[in-house]
Enquirer: 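Right, I'll just put the structure down here and ask away after.
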Amino acid sequence: MGNFTVSLYGSFRGLDLQQSVRGQTTEQEGFTDDHLRPRFALHKLKHIPESVAAMSLGFVVGCAVRVLQLQQEEALLNFRGALFFYVLLPPIILEAGLSLKTQLFVDNLGGTGSGLDDQDGLLMLHLFGQLAFLRTPIVLLEQVAGFRNHHHYDIVEQAWKDSGYREVWSGVSDLIEFSPVTRKRFLIVLVHLSMPAHQLMEDKPVLPPRPTLGSFDCILELPWDVEQACTPSKEALSMYLDPWYMPPSRHAHAKPQSPASFRFRGLSDRATCFMAQYHYQHELSPRALEKAGLYGVLLHLPTGLRFFSGAEIALMHGAVCPVWLSKDDRCQMRHLGNSLSPLHAVTPLALAFQLVGPKSLRVSNAQAILQCLSMRYRASQVNFLEFRDGWVLYKVGEAFGALVETFSSWVPRQQLPGRKLAFHRFELFDDTDACQLLVAPDVHLPVLFAALGHELPDECFEQLDLIPVPRDLALPPTFTTPGESSLQLDFLPSLPFVHRQVTDSPEKNLLIVIGRKACYFLDRESPLFFWEMGQAMSMEGWQRAEFFEEDVWCNLEGHRIKCRDDLQGTVSFHIADALAPDLASLNLDCLQSIKTVRAAAPPQVRIVGPQTLPLCKGFPFLTFAALGWNPVLQPQLRGNKIGADLTFSARHDCFRVPETHILPAFARFLLASLLREMERIIQQDATVAVPCKVQVEGRTFWQGRLPAALEFSEMEDLWSEAHRALGLVAPVRVYSGPRQVPPEMTLQHASLGPVPPGFLNRAGWLLISYMPETRGGGAKDVKFKSAQTDLAQFLLEQGLSLGQTTATADKLLPLAGTSRVQRVLDLTDGANRWHQLAALCKQFSVPLPELPSAASKAASSTASEALRRRAKNEPRPTAADFSIQPGFFRNADDSPATVLTQLMPGASGVYMCDAVEAGRILKDWTGTSTDELGLVILGHSCPDPGTCQGAGSTPAITATGHQVLLHTCWHNMGKSPLHARCENDASIILPDSTCVCATAFQDEFSAAEWQHLTANPVRAVSEKLRTSGSSVTLEAPWGRSFRKNGKASSSSDCESVQFHCRIQTSDLLQLLRFSGHAQVYLTPKTWQGEIAKGFAVVWAAGDREDVIRLSLQVPDPLGIVRSKRRFGIRVAEANFETAWNIVRPNQTAPPKVDVTGLFKLLSAPPQVRGSNIQEWAKQMSWDVRPLRCLGPGQWLLGASGPPPSGLLSMNKQAVLVQAVEPRQQSKPVVRAGKLPRAPPSATSAPSEGDDPLTNNDPWRNYLASTGRAISVPAPGPRQAEPPNQQRFDQQENRLQKLEAGLEELRRGHTAVTQQLATTQNVVERQVQGDLSAFARDFQHQIQANAEQQRQAHTAHQMQMQTGIDEIKAMLADNRSLAQKRPVPTPGMGDEL
């Protein structure tokens, strides 16, 4: 009945509770009290219930004991409540629930039972009390036909009225109208008062004449096993044929029947009502049989007499689907007796569907009955499918469907597990998160990891040690998981898990349940699936739930799951308050009060206005917690308006969705709130509505009724408004299921018609499907990755940092889309491209960093180059690069010791060597000199701390003459001691101070606080400590560093900040107690940069708040320690075991090992655990500590020293131990001064007489490097055995011939080369002569041409000069004529 109807078919003892008499004949329903009850019942109280009388009697006795002060009797009355619950209450429950009283069995006929006079009859009133609390909209009740005539009916009717229900339909239905069997049932439809009033339409079907056993086609040819179970024994048959056991007639004047005429029913007859345990009614008590008789009938066939089989009874009652028939005949009869005929159930169900179903689907009860009769199974159409535990009655041609339907249902395959079966637990973790996984008994680990998207080898699963989880108990608040039960991944998979799209994939059957404390993996196809769900609920604390709490199963969208088909994929389970307010409903105007403060790191949404309170009350906190993000509500008062900030902080103890999915999920919640508001309005206005189921990418997130006039385009607008309120742009297309519909189509148009344009599911709900823009692979995925790469490359070319580039590209591409970004990147002009990109970022509110200047680019490039050069591995200085400064080491008489360049017998002085040679030299030269002889070891490692004179600084001189101080230690090897002394020395009093490293992490600060801290870390940390109550002063800070992902980074892009400082030693313990509590983590260190000794850390599970609460239980904790995402409690080394037992109870504390080196244990047995390795190493006298399992039989160990020499084995299996070089760079050997540069290495070519095998001999090179003598065997004559001498001679002849041929070829090659050289010289001379002649001719020609040009130029100049002279003469003549000409008179015209 969808989401609104709960069918409650059942009855209770007294008003037909005993289902052993679920049906009776028409004659039996008329029995009166005189026939069925004892005439005298003096032992019963008629005016008050027996329980009230018992309590009253107890109250009177108790008062009497108290008043009379009877101490002994009063002591008997003072007993514990546990005594009642564990001793007295179980017998009461067993007696009330399991006893079968004959009187109750007889009184149950015809609705004339004891009713509410019996304790079990009161269950009906308790039932309506629960319904008043649950407020179930529709209740369907089934009772015996005489229920309304019972004298307690008025009380029951008043009970459902007081519970808020009204009767909308009731009636008596008899199967004799439809089938050849009689069975009357009284059916009632009750509706809650909160439901709107509807008029029901009840129709009477037009039926053929009443059928008989033969015409109804319900008699089968039974299998031999079934027929044997239906054959009565001789004793039973004699009882059925005995007139004494004939039931009394209903009519006093009716003619008595013979046993044969009453019992035997042929194909032309009809059967009477079948009661529960029909095959075993003759086993009732003699008194019951004497009073009520034996009602069973027998099937009379030509082959003999027998009982009706269970399959035939099911066919007579109108079975319409495969029926499971157990081979246990008593169980089979009990199942059938407790069943209800579909012909009875279909009428109230059809009427209930009229109340809650779509108005477009008006189901008539008459049509439902006729449809049920047409769908029923017939004897000529069915067959038996046999299994080990029973049969399946199925329709011929549908055997496969019956098999699938039987084995895909919860019943009868559901079983109870054995005592040894239980859930198992292990932990998945990465660098930041850890998740507890609880696996059902029949879930295989390879299938589990395939569902998570990981393919691991089988050896990993064999190595993983699963921890059994107690059954029926809630999980503890914290988990302690050993290393053998933990598995590390690079990154934990993100929600939602995407299964492989394979039909027969085994992970398709997995149900992943996200709980409050762990993640459960169940098998949907398992016979233990129902039990597994119950165990998951118990481990989540369902057994401790209050009476007002309910279990809630939801999908990842927060939509409640109401049918088994939705229990697939990934769901969430939580225990919720049934009285909690409903989810919020909003209108479009309310969206203006919601805005996004931060889209990430972490996401934050701000709500301001009058809708703040209802929106916060109706916010789905548990849904977002199941997604892996805890919404933190921070109320605020902004002026006169109430506001609140919702900050989503990541959970580190479970799987979670990516950070970019939080705001879209919030937008879908806003969309669902808008739809809820629309549904509320149409209910008030009685507007025509259409039942709709709204989905996004196939996942339902809202279900209800929407206005019929609403268009699909308006649904798209609602989606856009909900996302626009949060600053999101999510293009979407609206479909109806898989069908594409026009945007202008209304919901009513999409749901009407014989073939509606929209998609309606089987329940008649119209599907509305949102399909956002996806990038799920193929061309779209390629385009998205290409645009992402191009955008990142463009931003990097503009000078942005890698962090800024990544943040900008990740935010802009999902909002703007691939096509828009690609169009901008395709522009040819770089300046225009940057301008368009800035406009695009501004449009979608994506911050675009400013371009760095040329100077900053150069500085960044210089810094990166310097970092690259600094990271380049340079040769490590050795002792040969230095010379000890004379006069620092002195003999016993205070004279300067001689600085030795090599060790020789009888030498006296001091010699410096590398740490590699120190062990051998100490072993060989100690005690060999009677004078002073010292050994200075360069570096930080000492091979023999017992004889070491101390580590310190030794002055030395480099090859370039620079003075340096070296990190060294030194030993006395001679019989007379040496001592070190400087010429000038003065003693001062040094303060007793200690080095401390302070570290802060970004995820524990807000954005503004973190910016302030990175700008001035020392001042910010000091303020944090001072605010927390610390009075310790941080002196002389140094070594400030910013890091991200374990690497150095800039201050604007870092994840952690640390620096070193100096404090007084007396203040160390006081300051350490503030570590972690003031958001600053403090680590004591030595002046050499190592972690100080004397402290121990107990690592705990959970986040920072959990570890802080746990530290309150530890005596004298010294603050909280953090390593990436792990937290621990620091204590003094002496209190380690005590703290361990508190933090990790029931686990053995690991041994304290001073780890000085790392080793790999290889080829160990795959089953070995960490404790086994410790025991094995202890037998080897080797102190180790297992750090991590690297694989089957492979472990990483920390040890205080090297392993024992020789071959090692474990359980007679050889193992290999390899030293692991530390990842960090080796410590510098130069303590102060300029590090000498290594001279460039020159590779000398081997001489002609060198043996290449000798030059490449590693053993020879090792001896040469250690200074040992190399013994060269003297060459001797080669002598071969006689059989081999001939072969050697033949080989020698061949080699000589080959050498002769090669020599001849070499001579020919030389001659050809010389000829080519001669020819080349001749050609070169000839060509050179030709070129010289050509050059001379060309030069002469050029010179002649030049001379001709010069002569022509001279003639041209002379001609020009002559012309000019002539012009000048003409001008001079004209000037003289002008002077002699008279002046013209006025009036005379000008002749010119």
Enquirer: Between Asn1141 and Thr1138, is there a donor-acceptor pair closer than 3.5 Å when you use the side chain of the first and the backbone of the second?
Expert: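 Looks like no, no N/O pair under 3.5 Å.
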Enquirer: Check whether any side-chain N or O of Ser485 sits under 3.5 Å from a backbone N or O of Asp465 as a donor-acceptor pair, and report yes or no.
Expert: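 Checked: pair present.
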Enquirer: Applying side chain to side chain contact (heavy atoms under 4.5 Å, CB included), run through Val899 and Gln885 and close with a yes or a no.
Expert: CA-CA 8 Å; Val899 178; Gln885 187 169 354; over 6 Å; no
Enquirer: Verify side chain to side chain contact (heavy atoms under 4.5 Å, CB included) between Ile884 and Val936, making sure each step is shown before the conclusion.
Expert: CA-CA 9 Å; Ile884 299 177; Val936 179; 3.9 Å; yes
Enquirer: Indicate whether any N or O donor in one side chain lies under 3.5 Å from an N or O acceptor in the other, for Thr1065 and Asp992.
Expert: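 Result is yes, a qualifying pair exists.
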Enquirer: Quick check: Trp1182 with Phe1159 (ring centres under 6.0 Å apart)?
Expert: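 Yes.
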Enquirer: State whether the number of non-hydrogen atoms from other residues, nucleotides or ligands found under 6.0 Å of Asn1211 atom CG is greater than 12.
Expert: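 Open: at most 12 neighbouring heavy atoms sit under 6.0 Å from CG of Asn1211.
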Enquirer: Are any side-chain N or O atoms of Arg1130 and backbone N or O atoms of Leu1082, one a donor and one an acceptor, separated by less than 3.5 Å?
Expert: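 Pair found, side chain donor or acceptor close to backbone of Leu1082.
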Enquirer: If the condition is ring-ring contact (aromatic ring centres under 6.0 Å, His included), which residues does His1077 pass it with, not counting sequence neighbours?
Expert: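 Scan of His1077 (ring-ring contact (aromatic ring centres under 6.0 Å, His included), adjacent residues dropped) gives none.
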Enquirer: Got a donor-acceptor contact below 3.5 angstrom from the His979 side chain to the Asn891 backbone?
Expert: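 Yes: the side chain of His979 pairs with the backbone of Asn891.
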Enquirer: Report, as yes or no, whether the 6.0 Å neighbourhood of atom CZ on Arg1144 holds more than 12 heavy atoms from other residues, nucleotides or ligands.
Expert: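 Check passes, neighbour count above 12.
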Enquirer: Look at the rings of Trp1038 and Trp1087 and say which category their plane angle falls in: under 30° parallel, 30 to 60° tilted, over 60° perpendicular.
Expert: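 Rings of Trp1038 and Trp1087: parallel, under 30°.
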Enquirer: Is there a donor-acceptor pair closer than 3.5 Å between any side-chain N or O of Ser929 and the backbone N or O of Leu933?
Expert: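 A pair under 3.5 Å: no.
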Enquirer: Looking only at atom types and distance, does a side-chain atom of Ser993 sit under 3.5 Å from a main-chain N or O of Arg1062, one as donor and one as acceptor?
Expert: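 It does not hold such a pair.
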Enquirer: For Arg1185, does the CZ atom have more than 12 heavy-atom neighbours from other residues, nucleotides or ligands under 6.0 Å away?
Expert: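 Count not over threshold, so no.
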Enquirer: Tell me yes or no: between the side chains of Ser486 and Thr481, is some donor less than 3.5 Å from an acceptor?
Expert: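 No pair is found: no donor N or O on one side chain lies under 3.5 Å from an acceptor on the other.
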Enquirer: Is the backbone of Ala892 close enough, under 3.5 Å, to the side chain of Glu932 for a donor and an acceptor to pair up by distance?
Expert: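 At least one qualifying donor-acceptor pair exists.
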Enquirer: What closest approach, in Å, do Gly887 and Pro896 show between heavy atoms, and which atom pair accounts for it?
Expert: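 Closest approach of Gly887 to Pro896: CA-CB, 4.1 Å.
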Enquirer: So, does Glu484 use its side chain to make a donor-acceptor pair with the main chain of Gly1170 at under 3.5 Å?
Expert: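 Answer holds: yes.
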Enquirer: Pair Arg1122, Phe1001 - check side chain to side chain contact (heavy atoms under 4.5 Å, CB included), show working.
Expert: CA-CA 9 Å; Arg1122 175 172 177 175; Phe1001 294 88; 3.5 Å; yes
Enquirer: Hey, is Asp944 close enough to Lys923 for a salt bridge, meaning N to O under 4.0 Å?
Expert: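 No, Asp944 and Lys923 are not salt-bridged.
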Enquirer: Using a 3.5 Å distance criterion without hydrogens, assess whether the side chain of Gln463 forms a donor-acceptor pair with backbone atoms of Cys1189.
Expert: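 No.
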Enquirer: Could you check whether Trp925 and Tyr911 have their ring centres less than 6.0 Å apart?
Expert: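 No: the rings miss the under 6.0 Å criterion.
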Enquirer: Taking atom CD of Glu1055 as the centre, does the number of heavy atoms from other residues, nucleotides or ligands within less than 6.0 Å exceed 12?
Expert: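 Counting neighbours around CD of Glu1055, more than 12 heavy atoms of other residues, nucleotides or ligands fall under 6.0 Å, so yes.
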Enquirer: Between Asp1183 and Lys1178, is the closest basic N to carboxylate O distance under 4.0 Å?
Expert: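 Answer for the salt bridge query: no.
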Enquirer: Looking at every non-hydrogen atom in both residues, tell me the closest pair between Thr1086 and Cys995 and how far apart they are.
Expert: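 Closest pair (atom of Thr1086, atom of Cys995, distance): O-CB, 4.1 Å.
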Enquirer: Can you tell me if CD1 on Ile1091 sees more than 12 non-hydrogen neighbours from other groups inside 6.0 Å?
Expert: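 Open.
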Enquirer: Apply side chain to side chain contact (heavy atoms under 4.5 Å, CB included) to the pair Leu1190 and Trp1195, showing each step before the final yes or no.
Expert: CA-CA 5 Å; Leu1190 304 178; Trp1195 284 78; 5.9 Å; no
Enquirer: Spell out, as yes or no, whether a donor-acceptor pair under 3.5 Å connects the side chain of Asp881 to the backbone of Thr878.
Expert: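 Yes, the answer is positive, given that a donor and an acceptor are paired below the 3.5 Å cut-off.
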Enquirer: Just checking Arg981: does its CZ atom have more than 12 heavy atoms from other residues, nucleotides or ligands closer to it than 6.0 angstrom?
Expert: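 Above 12, so yes.
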Enquirer: State, to 0.1 Å, how close Trp970 and Leu978 come at their nearest heavy-atom pair, and which atoms those are.
Expert: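 Shortest heavy-atom contact: CH2-O, 3.2 Å.
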